[in-house]
Amino acid sequence: MKFICLVYAEPDALSALSPTEKSELDRDSLAYDEELEAKGHFLAASALQSVKTARTVRVRHGKPVVTDGPFAETKEVLCGFIFIEAADANEARRIAERIPMARHGAIEVRPELDFG
């Protein structure tokens, strides 16, 4: 099964880290990606630019409506993802628990919808 691990954090959470803490987080994140790849779980991962760069697109009555920022007012925003392969939801959750960004935010784990 494939799962997306959506990484959420408060927009300023990472800017509060010292340069040393930021470097450590980056190093830990890349190392975990490599560990997942070696175990056959890693499919893809990426960090996202600031929520300030986000645009939300909706189509209403056949016309696009574009707004600045994320789609909803929330305290935490999507800041990255890891796409993994896992045997089941329990294994996916165990993998998500070890994502370094979980120490600074939240990880949403959701299975891929198989259109079969």
Side-chain angles (χ1 to χ4, degrees):
M1 295 180 69
K2 294 178 184 170
F3 294 84
I4 189 92
C5 299
L6 299 172
V7 179
Y8 290 91
E10 291 185 32
D12 297 327
L14 297 181
S15 62
L17 298 177
S18 71
T20 301
E21 291 170 323
K22 177 73 169 98
S23 291
E24 182 178 303
L25 178 60
D26 291 345
R27 186 183 65 245
D28 290 350
S29 296
L30 292 172
Y32 192 53
D33 289 351
E34 290 172 5
E35 179 184 332
L36 292 175
E37 187 168 26
K39 293 179 179 180
H41 294 297
F42 184 86
L43 297 173
S46 188
L48 300 174
Q49 291 186 20
S50 165
V51 70
K52 294 174 186 169
T53 67
R55 303 296 174 265
T56 299
V57 177
R58 294 177 176 85
V59 176
R60 299 295 184 264
H61 307 291
K63 297 189 183 219
V65 178
V66 180
T67 55
D68 291 344
F71 73 96
E73 293 296 322
T74 62
K75 187 174 181 180
E76 295 179 326
V77 296
L78 181 65
C79 57
F81 71 91
I82 300 176
F83 197 43
I84 61 169
E85 183 88 31
D88 56 31
N90 288 327
E91 183 178 39
R93 182 187 43 82
R94 287 190 301 274
I95 290 169
E97 289 171 356
R98 296 191 55 223
I99 295 172
M101 272 299 295
R103 298 186 304 248
H104 303 280
I107 311 298
E108 177 185 341
V109 181
R110 189 183 303 182
E112 176 185 50
L113 179 61
D114 182 5
F115 287 101

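Sequential numbering from 1 along the given sequence is applied to the chain's residues. Here the structure is a predicted model, which is why all the values come from computation and not from measurement.
Distance check, rounded to the nearest 0.5 Å: CG of L43 to CD of E37 gives 9.5 Å. In this structure, CG on D33 lies 11.0 Å from CD1 on I84, to the nearest 0.5 angstrom. In this structure, the separation between CG on L25 and OG1 on T20 is 12.5 Å, given to the nearest 0.5 Å.
Both V7 and L36 are members of a single hydrophobic cluster when ILVMFWY side chains are connected at heavy-atom separations under 4.5 Å. When the side chains of ILVMFWY residues are joined at heavy-atom separations under 4.5 Å, either directly or via intervening members, I82 and L78 end up in two distinct hydrophobic clusters. Criterion: ILVMFWY side-chain heavy atoms under 4.5 Å apart, direct or through other members. Under it, F83 and L30 are not part of a common hydrophobic cluster. Cluster membership for L14 and L48, using ILVMFWY side-chain heavy atoms within less than 4.5 angstrom, is not shared.
Sequence neighbours left out, not one pair with a member in residues 44-54 passes side-chain hydrogen bond (donor to acceptor under 3.5 Å, both in side chains). Residues in residues 1-21 take part in these salt bridge (charged side-chain N to carboxylate O under 4.0 Å, His left out) pairs, two or more places apart or across chains: E10-K75. For residues 80-95, the set of pairs meeting the salt bridge (charged side-chain N to carboxylate O under 4.0 Å, His left out) definition, not counting sequence neighbours, comprises R93-E97. Under the side-chain hydrogen bond (donor to acceptor under 3.5 Å, both in side chains) criterion, the residue pairs touching residues 105-116 are Y8-E108, E108-R110, with sequence neighbours excluded.
For the residue pair F42 and A44, the shortest heavy atom distance occurs at CZ-C, 3.7 Å. Shortest non-hydrogen contact noted between Y32 and I95 is OH-O, 2.6 Å. Residues K22 and L17 come closest through the heavy atom pair N-CB, 4.2 Å. The two atoms that bring V109 and F3 nearest to each other are CG1-CD2, 4.0 Å, heavy atoms only. Scanning both residues, A102 and A96, for their nearest heavy atoms gives CB-O, 4.3 Å. Across all their heavy atoms, C79 and M101 have their closest contact at SG-CE, 4.1 Å.
When the side chain to side chain donor-acceptor pair (under 3.5 Å) test is applied to R98, the partners found at least two apart in sequence or on another chain are E35. Among residues two or more places apart in sequence or in another chain, the salt bridge (Lys or Arg N to Asp or Glu O under 4.0 Å) test is passed with R103 by D28.
A heavy-atom distance below 4.5 Å is found between the side chains of R55 and D68.
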